[in-house]
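Inspection log for the structure reproduced underneath, given as C-alpha cells.
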Amino acid sequence: RYFDRYLGVGFGATPLKQPRFFSNSAGIEQRFTRELYLDVTSFYRLMDNLLVNDPDPTLRFASSGEGEAFGAELLLRYDPDSRYFGWISYGYTHARVKDRASGSLRRNDHDQTHSLSAVSGVKLTPQLSINTRWRYLSGAPYSILPPQSFDSDLGQSTFGFGPTPTDRPVNTLRYSSFHQLDLRIDYRWRFKEWSLLSYLQFNNVYGHRSSELPHPLEGLSSTAPATLQSWPFWMSVGLRAKF
C-alpha cells in the first residue's frame with residue numbers, strides 16, 4: 001500500500017524495478033597463542049536498480065541508480081587473562097553511488113574511508129581496574145549549497161543563482177577527522193550476596209573538538225565551510241548494583 005500510494009502511477013509513471021544487490025566476502029582467522037587472535041575480512045558489494053529522482057517531471061522517479069562498496073576489516077585481539085585484555089581494529093571502506101538519472105558515481109553519504117579503534121584494560125587489584133579506548137574516523141562527506149541570503153522580514157533564507165540541483169556536485173567536502181581518547185576507572189565492592197560497581201569515566205581526555213554539522217548560516221555555501229563542533233571534554237560518574 002505504501003508503494004502504491006507514493007510511487008505508483010499517480011506519483012511517478014515510470015515502471016520501477018526491484019533493487020538488486022550482490023555481496024560477497026572472504027576472510028582468514030589465525031590464533032597465534034592462547035590469547036592472541038587475528039581476523040581479517042574483505043568485502044565487495046554491487047548495487048543496481050536503485051530508486052533515484054529523475055529530472056523529467058513526467059517521471060519523477062527511475063530505477064537507474066547504482067553503486068558499489070568494497071573494503072577490508074582487520075581485528076587483532078588479546079583475549080582476557082587474569083589481569084589484561086585488549087584489541088585493535090582497522091577498517092577501510094570505499095563506497096560510491098550514482099543516484100541521478102544521468103551522472104557519475106559519487107561518494108556515498110556514509111562513506112568514511114578509515115576507521116581505527118584501540119581498547120585495552122588492566123586489573124591493578126581484584127577490585128580496581130583501568131580501561132582506555134581510542135577511536136579515529138575519517139570525516140563524513142557532505143555537500144555545499146549555492147549562495148543564500150536571509151530575509152529578516154520573512155524569517156527565511158533565499159538561495160541565489162547557481163547550478164541546478166541535478167548539476168551541483170554532491171559530497172565533495174568532508175568533515176574533519178574524528179578522534180577521541182576515553183579513560184575509565186572501575187572499582188567493585190563485593191558483599192556476601194551482592195556487589196556494587198562504581199566508575200569514573202573521562203571522555204575525550206585531550207579535548208579534541210570534531211566537526212559534527214555545517215554551521216547553519218555559513219557552513220553550506222563556502223569551499224572552506226565553518227562547522228559546529230563537539231564538546232571538548234566531559235566526565236561521568238556511575239554506580240551499578242548486581243544481586
Side-chain angles (χ1 to χ4, degrees), residues 6 19 21 23 43-55 60-73 89-117 133-152 154-182 203-204 206-234:
Y6 292 102
F21 303 89
S23 302
F43 63 90
Y44 179 79
R45 189 177 195 187
L46 184 66
M47 302 161 280
D48 65 357
N49 290 345
L50 300 179
L51 184 68
V52 300
N53 291 317
D54 195 293
R60 298 192 180 184
F61 291 97
S63 295
S64 57
E66 60 186 62
E68 65 174 3
F70 60 84
E73 298 176 345
S89 67
Y90 169 74
Y92 172 82
T93 303
H94 178 96
R96 297 294 184 268
V97 65
K98 186 180 81 170
D99 55 0
R100 305 174 184 177
S102 62
S104 58
L105 292 172
R106 64 163 177 85
R107 290 172 180 166
N108 186 285
D109 295 343
H110 305 288
D111 176 75
Q112 291 178 291
T113 309
H114 304 285
S115 63
L116 178 64
S117 298
R133 178 181 64 178
W134 185 78
R135 294 177 293 163
Y136 172 90
L137 286 173
S138 299
Y142 69 105
S143 310
I144 62 173
L145 296 176
Q148 56 182 311
S149 59
F150 182 74
D151 190 326
S152 59
L154 298 177
Q156 64 183 21
S157 297
T158 303
F159 293 104
F161 295 100
T164 62
T166 55
D167 298 328
R168 187 178 306 124
V170 178
N171 286 349
T172 57
L173 299 177
R174 281 189 182 272
Y175 295 116
S176 62
S177 299
F178 167 88
H179 52 88
Q180 177 176 307
L181 174 65
D182 301 330
N203 301 285
N204 196 12
Y206 51 77
H208 174 72
R209 302 190 66 183
S210 304
S211 298
E212 291 189 333
L213 296 170
H215 193 282
L217 297 181
E218 57 188 43
L220 292 174
S221 58
S222 169
T223 56
T227 57
L228 300 178
Q229 297 181 324
S230 61
W231 284 91
F233 169 81
W234 70 98

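Since the structure is predicted, the reported quantities are computational estimates derived from the model, not experimental observations. Just the heavy atoms: all of them, side chains too, but no hydrogens, waters or symmetry mates, feed the values below.
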- Task: Go through the steps to decide whether His114 and Tyr90 satisfy the test side chain to side chain contact (heavy atoms under 4.5 Å, CB included), and finish with yes or no.
- Result: CA-CA 7 Å; His114 304 285; Tyr90 169 74; 2.7 Å; yes
- Item | Working for side chain to side chain contact (heavy atoms under 4.5 Å, CB included), residues Glu66 and Val97 | CA-CA 6 Å; Glu66 60 186 62; Val97 65; over 6 Å; no
- Query: Under the side chain to side chain contact (heavy atoms under 4.5 Å, CB included) criterion, do Leu50 and Phe21 qualify, and how do the steps go?
  - Reply: CA-CA 9 Å; Leu50 300 179; Phe21 303 89; 4.1 Å; yes
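The backbone N or O of Arg96 sits nowhere less than 3.5 Å from a side-chain atom of Asn108 that would complete a donor-acceptor pair.
Below 30°, between 30° and 60°, or above 60°: for Tyr175 and Tyr142 the angle between ring planes is below 30°, a parallel geometry.
Pairing each heavy atom of His179 with each of Asn204, the nearest pair is O-OD1, 4.4 Å. Shown here for Asn203 and Phe233, the closest heavy-atom pair between the two residues is O-CD1, 3.3 Å.
His208 and Tyr136 have their aromatic ring centers separated by at least 6.0 angstrom.
Not counting sequence neighbours, Glu73 has no partner by the side-chain hydrogen bond (donor to acceptor under 3.5 Å, both in side chains) test. Residues passing the side-chain contact (heavy atoms from CB on, under 4.5 Å) test with Thr113 are Tyr92, Asp111, Ser138, Arg174, sequence neighbours excluded.
Here the CZ atom belonging to Arg209 is positioned 13.0 Å from the CD atom belonging to Gln180, to the nearest 0.5 angstrom. In this structure, the separation between OG on Ser176 and CG on Leu137 is 11.5 Å, given to the nearest 0.5 Å. Glu68 CD to Asp48 CG: the interatomic distance, rounded to the nearest 0.5 Å, is 12.0 Å.
Applying the 6.0 Å contact sphere to NE2 of His110 captures no more than 12 heavy atoms from other residues, nucleotides or ligands.
Side-chain contact check for Arg135 versus Asp182: some heavy-atom pair is nearer than 4.5 Å.
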